[in-house]
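Worth saying up front: this structure is predicted, and the values here are computed from it rather than measured.
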Amino acid sequence: MTPSAKRACGDCTLCCKVMAIEALAKPAGSWCRHCKPGQGCAIYAERPAEWASA
């Protein structure tokens, strides 16, 4: 699956905290360093493949 460059989730950033992303060494329940509050993921278009289904 190719990651989409456009987010469909608006300004929600809940996945930036809830999901564990092994490729980023981000455990579940902690804020991702790429999260921009009110904007979303700063690396969304280049996010790891394990995250592409989010």
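Minimum heavy-atom separation, Gly38 to Thr13: N-CG2, 4.2 Å. Heavy-atom minimum distance, Ala28 versus Ala20: N-CB, 3.5 Å. When all heavy atoms of Lys17 and Lys26 are compared, the closest pair comes out as O-NZ, 3.2 Å. Minimum interatomic distance between Ser30 and Pro27 (heavy atoms only, all atoms of both residues): OG-O, 3.0 Å.
A distance of 9.0 Å separates NZ of Lys36 from NE2 of His34, quoted to the nearest 0.5 Å. Rounded to the nearest 0.5 angstrom, Leu24 CG and Cys41 SG are separated by 8.0 Å. The line from CD1 of Ile21 to SG of Cys15 is 8.0 Å long, rounded to the nearest 0.5 Å.
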